[in-house]
Amino acid sequence: MTVRVRIAPSPTGNLHIGTARTAVFNWLFARHCGGTFILRVEDTDTERSKPEYTQNILDGMQWLGLNWDEGPLFQSQRLDLYRQSIQTLLDNGSAYRCYTSNEELDTLRAAQEANHQAPRYDNRHRNLTPEQEAAFIAEGRRPVIRFKIDDDREITWLDLVRDEVTWKGSDLGGDMVISRAADEHELGQPLYNLAVVVDDIDMQITHIIRGEDHIANTAKQILLYEGLGVAVPTFAHTPLILSDEGKKLSKRDGVTSIDDFKHMGYIAPALVNYMMLLGWSSPDAEELFTLDVAAPQFDLDRVHKAGGKFDWDKLNWINSQYIHAMPAEQLLPELIPYWQAAGFKLDPEADRSWLLQLTSLIGASLARLDECVEISRVFFTDTVTLNEEAATKIAQPGAKEVLTSLLMAMQAKSDFTEIEAQELIKQVTKEQNVKKGVVMQSLRAALTGEVHGPDLIQSLLLLHQHHLAVPRIQQALG
RNA sequence: GGCCCUAUCGUCUAGAGGCCUAGGACACCUCCCUUUCACGGAGGCGACAGGGAUUCGAUUUCCCUUAGGGCUACCA
């Protein structure tokens with residue numbers, strides 16, 4: 001039996017980090033087993049589902065490198081399939097029409113809550129006589145279809161990450177609605193649990209890997225498999241991604257969509273790497289690896305049971321490791337859009353060599369791509385403003401003289417090599433009889449307006465190439 | 001309220017009865033490299049929630065307590 005797994009996002013929002021992480025585990029499991037990874041879009045909630053969300057999810061999956069083998073399939077296009085199964089359940093007596101009104105349900109729940117009881121449907125319409133049904137229909141009630149859940153039933157399954165899980169039928173909230181209200185002899189819109197089971201059966205899914213927030217659904221779904229007379233697949237419930245407060249990460253926690261991470265300057269392999277590490281550890285204790293490297297060693301056995309808090313520090317570190325490992329040729333095209341968005345004037349073609357040098361210069365300073373804007377700002381602006389500390393450096397004894405010497409040398413020569421620049425610094429230091437620090441500090445201050453920054457010699461070279469060094473030193477000298 | 005799940009450094013985790021004086025990574029601190037800031041390198045700080053039981057021996061097994069989380073829809 002070949003392994004078939006799926007990721008089944010609901011297009012009611014952009015691709016969420018939690019969904020993406022579940023997709024990562026499914027992808028890894030499929031690739032590890034040489035199985036098939038399927039993408040199914042669960043859009044049975046027509047109110048909340050939006051095409052743009054579907055697009056966002058598809059784009060996000062692709063960006064992350066989570067390629068799927070089959071799909072995307074859309075539940076909204078498979079309604080007939082669900083209706084057939086609903087009819088089957090009706091025919092074999094495991095489902096029935098329920099005419100309880102919302103008001104009656106509300107009253108019931110309110111009473112249960114008042115008595116500190118768990119809210120649940122009391123199965124009051126489970127055995128209606130034809131006469132009773134006719135009476136409700138005559139009242140104009142539109143029935144839902146409920147699937148019978150026996151209270152004394154015990155549901156147990158062997159979960160691939162949390163071993164044996166047991167659930168009592170009485171804790172499932174009574175007979176479950178599988179089809180929305182419709183006219184008396186119609187089959188209404190199928191509901192989540194029914195659609196999922198029918199699809200998983202139809203698509204011959206062998207392993208259902210999803211977040212632990214689905215555990216109660218699993219109990220219900222197992223009953224549905226039985227009602228439909230089909231073998232139950234294997235389940236695995238992964239731990240949830242938690243916020244700082246230790247709660248399930250939700251849209252309210254700020255950045256949660258893959259899109260957001262992308263725009264913040266995280267790169268796909270780093271984000272995926274972090275998601276893999278959140279809840280799973282590789283047997284050899286490695287922490288930096290791609291999907292392809294992780295797949296052969298991926299195993300649900302090594303998935304942790306407890307939820308994990310999302311840690312920005314660790315993500316930033318992983319992201320920085322990937323960025324630092326990128327050669328300038330590869331990194332440059334990633335940075336250009338950020339520079340352009342910041343309004344920096346640059347010509348990717350004509351300035352290519354200069355941009356590559358700049359990229360090499362700042363690469364090691366970047367933890368996120370977007371940081372390239374602030375770090376390299378002084379290389380793109382016409383003038384700089386000295387901050388307080390920088391002004392102090394230029395005001396220190398000997399600084400003016402040093403800068404004047406440097407200025408003259410640079411006016412005389414339009415391009416320096418690194419060796420020549422170092423030689424020049426050395427020479428000026430000796431000439432002016434100052435400490436090297438004075439030269440370096442005043443030069444940096446004049447050039448960038450700041451006292452911190454990337455390698456000074458490299459910065460000088462780059463600025464001089466673009467004719468920015470001379471005017472800035474002049475400006476600093478007043 | 002009910003049910004279910006979970007519990008190792010601040011965080012992510014390794015650990016499947018003696019290998020543990022509990023290992024790694026991030027963060028933090030110190031030092032080195034360096035004109036600076038980063039990067040990089042070397043150290044340091046730092047945890048088995050509590051109580052029972054089983055055992056010659058428990059981080060590891062069992063029970064209870066506590067804490068945290070999830071679920072409790074005609075959403076998915």
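Just so it is clear: chains get the letters A, B, ... in the order the sequence lines come, proteins before strands, and each one is counted from 1.
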Give the residues of [range] touching RNA chain B, defined as any heavy atom closer than 4.0 Å, sorted by residue number.
| range | result |
| --- | --- |
| residues 365-375 of chain A | Ser365(A) |
| residues 101-118 of chain A | Asn102(A), Arg109(A), His116(A), Ala118(A) |
| residues 240-253 of chain A | Leu240(A), Gly246(A), Lys247(A), Lys248(A) |

Which is true for [X] with a 4.0 Å heavy-atom rule: it touches a base, it touches only sugar-phosphate, or it touches nothing?
| X | result |
| --- | --- |
| Gly279(A) | sugar-phosphate |
| Leu456(A) | base |
| Glu42(A) | sugar-phosphate |
| Gly453(A) | base |
| Thr44(A) | sugar-phosphate |
| Arg120(A) | nothing |
| Ala306(A) | sugar-phosphate |
| Thr12(A) | nothing |
| Asp455(A) | base |
| His237(A) | nothing |
| Asp43(A) | nothing |
| Val177(A) | sugar-phosphate |

Would you tell me whether [X] and [Y] have side-chain atoms, one donor and one acceptor, within less than 3.5 Å of each other?
| X | Y | result |
| --- | --- | --- |
| Glu401(A) | Gln432(A) | no |
| Ser257(A) | Asp259(A) | no |
| Asp199(A) | Tyr82(A) | yes |
| Asn193(A) | Gln221(A) | yes |

Can you check the distance between [N] and [M], where both ends of the measurement are the [atom1] atom (answer in whole Å)?
| N | M | atom1 | answer |
| --- | --- | --- | --- |
| A25(B) | C3(B) | C1' | 37 Å |
| C19(B) | A58(B) | C1' | 15 Å |
| G17(B) | U60(B) | P | 11 Å |
| A14(B) | U72(B) | C1' | 35 Å |
| U65(B) | A42(B) | C1' | 45 Å |
| G40(B) | U34(B) | C1' | 11 Å |
| G2(B) | U59(B) | C1' | 33 Å |
| U61(B) | G15(B) | C1' | 15 Å |

Response to the item:
For His16(A), the ring pair (Phe, Tyr, Trp, His ring centres under 6.0 Å) test, sequence neighbours excluded, returns none
Worksheet item: Who are the ring pair (Phe, Tyr, Trp, His ring centres under 6.0 Å) partners of Phe25(A), not counting sequence neighbours?
Response: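 So Phe25(A) forms a ring pair (Phe, Tyr, Trp, His ring centres under 6.0 Å) with Phe298(A).
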Practice prompt. Specify the residue among Leu277(A) and Leu315(A) whose closest nucleotide of RNA chain B lies further upstream toward the 5′ end.
Written response: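 Looking at RNA chain B, the more 5' nearest nucleotide goes with Leu277(A).
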Discussion item. Assuming nearest nucleotide by heavy-atom distance, tell me which of Thr100(A) and Lys305(A) is located more 5' along RNA chain B.
Written reply: Lys305(A)
Practice prompt. Decide, yes or no, whether a salt bridge links Arg141(A) with Glu139(A) under the criterion of side-chain N to carboxylate O below 4.0 Å.
Written response: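 Yes.
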Worksheet item: CG/Asn56(A) to CG/Asn14(A) distance, rounded to the nearest 0.5 angstrom?
Response: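 Output value for this atom pair is 3.5 Å.
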Response to the item:
When rounded to the nearest 0.5 Å, the distance separating NZ of Lys393(A) from CG of Leu403(A) is 13.5 Å
Worksheet item: Is the backbone of Leu39(A) close enough, under 3.5 Å, to the side chain of Arg6(A) for a donor and an acceptor to pair up by distance?
Response: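 Looks like no, no N/O pair under 3.5 Å.
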Worksheet item: Parallel, tilted or perpendicular: which fits the ring planes of Trp339(A) and Phe380(A), with parallel below 30° and perpendicular above 60°?
Response: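 Tilted: the ring planes of Trp339(A) and Phe380(A) meet at 30° to 60°.
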Worksheet entry | Geometric class of the His237(A)/Phe235(A) ring pair [parallel <30°, tilted 30-60°, perpendicular >60°] | parallel
Residue matched to [N] through Watson-Crick or wobble contacts both under 3.5 angstrom:
| N | result |
| --- | --- |
| C39(B) | none |
| U21(B) | none |
| G57(B) | none |
| C71(B) | G2(B) |
| A14(B) | none |
| C28(B) | G44(B) |
| A7(B) | U66(B) |

Worksheet item: Is the centre of the His207(A) ring less than 6.0 Å from the centre of the Phe29(A) ring?
Response: yes
Fill in: side chain to side chain donor-acceptor pair (under 3.5 Å), paired with Arg210(A), selected from Thr218(A), Asn26(A), Thr19(A), Thr238(A)
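So, applying the side chain to side chain donor-acceptor pair (under 3.5 Å) to Arg210(A) and each of Thr218(A), Asn26(A), Thr19(A), Thr238(A), only Thr218(A) qualifies.
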Worksheet item: Tyr99(A) pairs by side chain to side chain donor-acceptor pair (under 3.5 Å) with which of Arg124(A), Glu133(A), His125(A), Arg142(A)?
Response: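 Result: among Arg124(A), Glu133(A), His125(A), Arg142(A), Glu133(A) is the only option passing the side chain to side chain donor-acceptor pair (under 3.5 Å) with Tyr99(A).
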Item to complete: Could you tell me from which nucleotide to which nucleotide of RNA chain B, 5' to 3', there is an atom under 4.0 Å from chain A heavy atoms?
Response: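 For RNA chain B, the relevant span reads G1(B) to A76(B).
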Item to complete: Cation-pi check, Arg146(A) to Tyr121(A): give yes when NZ or CZ is under 6.0 Å from the six-membered ring centre and within 45° of the ring axis, no otherwise.
Response: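 Verdict for Tyr121(A): a cation-pi partner in Arg146(A).
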Discussion item. Tyr274(A) vs Tyr266(A), test: ring pair (Phe, Tyr, Trp, His ring centres under 6.0 Å). Steps then yes/no.
Written reply: CA-CA 11 Å; Tyr274(A) 179 64; Tyr266(A) 290 101; 9.2 Å; no
